[in-house]
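Lettering follows sequence order; numbering is per chain, from 1.
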Protein chains: 4
Amino acid sequence: MTKKFTEKQIHILDVAEELIAKKGFEGTSVRDICSKAQINVAMISYYFGSKEKMMSYLYQYRVQRTREGFSEFSETIKEGRPEMQMKELIKFLIRQLFKYNYFHGFVTQELRHTEHLKDDLLAFYQLCVSKLEDVVKKGVTSGVFTNMPKAEDILTIILGSSLFVIRNKNFYELYVRDSEEAYFSNAERKVQENLLTTIFAVLGYNPQ
Amino acid sequence: MTKKFTEKQIHILDVAEELIAKKGFEGTSVRDICSKAQINVAMISYYFGSKEKMMSYLYQYRVQRTREGFSEFSETIKEGRPEMQMKELIKFLIRQLFKYNYFHGFVTQELRHTEHLKDDLLAFYQLCVSKLEDVVKKGVTSGVFTNMPKAEDILTIILGSSLFVIRNKNFYELYVRDSEEAYFSNAERKVQENLLTTIFAVLGYNPQ
Amino acid sequence: MTKKFTEKQIHILDVAEELIAKKGFEGTSVRDICSKAQINVAMISYYFGSKEKMMSYLYQYRVQRTREGFSEFSETIKEGRPEMQMKELIKFLIRQLFKYNYFHGFVTQELRHTEHLKDDLLAFYQLCVSKLEDVVKKGVTSGVFTNMPKAEDILTIILGSSLFVIRNKNFYELYVRDSEEAYFSNAERKVQENLLTTIFAVLGYNPQ
Amino acid sequence: MTKKFTEKQIHILDVAEELIAKKGFEGTSVRDICSKAQINVAMISYYFGSKEKMMSYLYQYRVQRTREGFSEFSETIKEGRPEMQMKELIKFLIRQLFKYNYFHGFVTQELRHTEHLKDDLLAFYQLCVSKLEDVVKKGVTSGVFTNMPKAEDILTIILGSSLFVIRNKNFYELYVRDSEEAYFSNAERKVQENLLTTIFAVLGYNPQ
DNA sequence: GATGAATGAGTGTTCATTCAT
DNA sequence: AATGAATGAACACTCATTCAT
């Protein structure tokens, strides 16, 4: 069952996510979060039970939202041809990763003591795998794709490459020479081009 | 130039790396490390000056070793044909990432306050980019590769996918159902297959 | 301007002063103070920011009180004859030193890293010098004093001798053989006699 | 019995005294001393048993030297008239205090846990008292001094005023505006003038 | 006789959390 | 429902000292 949050609680989670993304879970103190959120130091324990539980709620909250978004998205492409579906799927995933980059970036690193939480994310990833699988099969059947790579391999490339770019800003900005603000949007575009090219190559895309 | 370490110091660095990889830099206390390494709590300050300096030494130590390994490796493939060179290059990089997985996995996450250290890793990545570029060009010239993707895009896919598999064990082990011990070696093999297929596809490999 | 302290904070400062006077700033641990004050070890950081800042507050607190006392005192003697004023001035200064003996005794020794704090004490001393100067001049003009020693020399003798007696208990108790408790009050009386005699001699006091 | 020290040990004591005078006993680490003395960190424990015992030896060493100096000095004035003897005695004491200012300045503050050591200094002070007493009595008998103040009061004024000037540089340099280097020599001269005037006034000096 | 690597006790401080209000 | 004062545990680090060589 999904927990319902008040506006104040959501505000705390937003602030917490931002700070944790910047300085890590352990590197972010409850006082930091409360100070930035302009609330009392005791509020986090009061609302969520503990700092760690707050992290869990933050996690669940984000995963839930992402999954909901995925369902909505799925609807919008269900009529299209496989190559279009694949393209939109890739773009959608990259979009999510960049949008919730704070979250996706740190979460597996920081959620060590709350292993069970990973199940939610895992379920989401499996949803993606199964969707990718459908599209690949359909494409192969219709002859638009020549090869049938494993869906989990495709997802690995999409998630891995995107997260790498998000988290290794220093490396990638050698090739995306832009202002701090413009970096992410340009990096996202570049990754998108790269992944579209790469994955369609792997699929042996054969335009008809 | 490069600091020399005694066996004891190297032992501490190894233990530290393992723990930091598991629990993060801030999440790992000096006491944890010393307790696991069976040394006195004061040793880390004594040997390295501080916890943070220890981290720097660990970082430099690993990067230095990796770069040395890369130089040696470069020699061994310089005579081969481009497709062989590319294949070995991909395998070598994956090998390094899995070998020093603790290190590559956490380092950009944790080195927030010591930004300058990233330069070393960056230099290494650029070395890889330039090597990849050479091989791609040679392959295109000789006709064995049809396309000329950007070398940084290739590297992004290699590093990103490998690190994703290393760090998201929970996801990937759905597909690599093995004992804890066997996971990494099998995961490495699977990633290798995936990346070889993918990158050769992108290059438009045309066996002659 | 001046920081206001709660009763608890004042209690801590009192305990701290006593211990620091006995064992020095560096020789007194935060744990010592908190243990004696029956409070938590974290309270000093919590209330004052750090041990050193606590020292600053203690310092400022004492100097401020002493200066306020001096102003009040000045009022009470402004109508009298110079010899009476001088006598009361000497007695007042000795009184202050014995009253705040912990403080005056150690403060210049311990405030090495917070030199700027000395300015407050210095300002107080200068106030004393200027008051002494007025009285001496008036006495010389009225013919009750024959000589006009420098006011800073008079102050040096008063402060130096009093502090010596306060801090070299071992020496002086050879001549003031009393119980621990009675020592200071008797020592104060003896110093007072000594300094009154001495300074009036230097002034060439000529009763009329 | 007096301990004999090797040159190395004396070197350590000299360095220790200087540092302790500057930064206090607790504020000076064994490492500081050994580093400045260019010896091994273990040497202080090795030579003196412990840091505190080193302090004791330092203390005894200085007191012993001062007493020896006092005996020599006594010889040189034993033929003179009382007023000359008193003058030389005052000058000698001030001289010693400024010469060993490091030592006299801090010693009663820092020697808290080794109370027994004070006995040596006490014995020296008593020696001074008894010498002062002799001179005063002789002067009164011969009619050159009119009053007979207590010798311990005279000593208190001499020691207290000198130490105050030595230790409260910030105050006194308002009146002794000189370079850092010149301060002490000028301050010594000024204190000497002050104390000679003051004490001869108290004695009711009556030149014949 | 002298060293320097190594130690355990102790340092000031920060932490997430609790509790009386 | 919400606060902020207060806490005890834990933190990284420094200390004087020891001990094998």
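Mapping Met43(C) and Thr28(B) onto DNA chain F by nearest heavy atom places Met43(C) at the nucleotide closer to the 5' end. The nearest heavy atom of DNA chain E to Tyr46(B) and to Lys51(C) marks one nucleotide each, and the one closer to the 5' end goes with Tyr46(B).
Atom CD in Glu26(D) sits roughly 12 Å away from atom C1' in dG10(E) (whole-Å rounding). Atom-to-atom, CD of Glu7(D) to C1' of dG1(E) comes out at 17 Å; the value is rounded to the nearest Å. The CD-P distance, from Gln9(D) to dG1(E), rounds to 11 Å in whole Å. In this structure, Ile44(D) places its CD1 atom 14 Å from C1' of dA2(E), rounding to the nearest Å. Going from atom CD1 of Ile20(A) over to atom P of dA16(E) covers 10 Å, rounded to whole Å.
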Given Watson-Crick or G-U pairs with both distances under 3.5 Å, what dot-bracket string fits DNA chain F, with | for other-strand pairs and [ ] for crossing?
.||||||||||||||||||||

Are Gln9(C) and Leu13(C) close enough, and set up right, to give a side chain to side chain contact (heavy atoms under 4.5 Å, CB included), and what steps lead you there?
CA-CA 6 Å; Gln9(C) 287 172 318; Leu13(C) 290 180; 5.6 Å; no

Check against side chain to side chain contact (heavy atoms under 4.5 Å, CB included), Ile10(D) and Thr6(D):
CA-CA 6 Å; Ile10(D) 291 172; Thr6(D) 66; over 6 Å; no

Evaluate Met55(A) against Phe48(A) for side chain to side chain contact (heavy atoms under 4.5 Å, CB included), listing each step before the verdict.
CA-CA 9 Å; Met55(A) 187 74 180; Phe48(A) 303 106; over 6 Å; no

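A distance-only check finds no donor-acceptor pair linking the side chain of Ser50(D) to the backbone of Ser45(D) [under 3.5 Å].
For Phe5(B) and Tyr57(B), the ring centers sit closer than 6.0 Å to each other.
Between Phe25(B) and Glu52(B), the closest side-chain pair of non-hydrogen atoms falls below 4.5 Å. Side-chain contact check for Glu26(C) versus Lys23(D): every heavy-atom pair is 4.5 Å or farther apart. Within the 4.5 Å cutoff, side-chain heavy atoms of Met54(B) are placed close to those of Ile33(B).
At the heavy-atom level, Thr6(A) lies nowhere under 4.0 Å from the strands shown. If you check every strand for non-hydrogen atoms under 4.0 Å, Lys53(B) touches nothing.
For the salt bridge (charged side-chain N to carboxylate O under 4.0 Å, His left out) test, no residue two or more places apart in sequence or in another chain qualifies with Lys8(D). Legend: residues meeting side-chain hydrogen bond (donor to acceptor under 3.5 Å, both in side chains) with Asn40(A), ordered by chain and number and at least two apart, are absent. Residues passing the salt bridge (charged side-chain N to carboxylate O under 4.0 Å, His left out) test with Lys53(D), sequence neighbours excluded: none.
A nucleotide of DNA chain F counts as in contact with chain C when one of its atoms lies under 4.0 Å from a heavy atom; the first and last such, 5' to 3', are dA5(F) to dA10(F).
Of the residues in residues 29-42 of chain C, Ser29(C), Val30(C), Arg31(C), Val41(C), Ala42(C) come within less than 4.0 Å of DNA chain E through at least one heavy atom, sorted by number.
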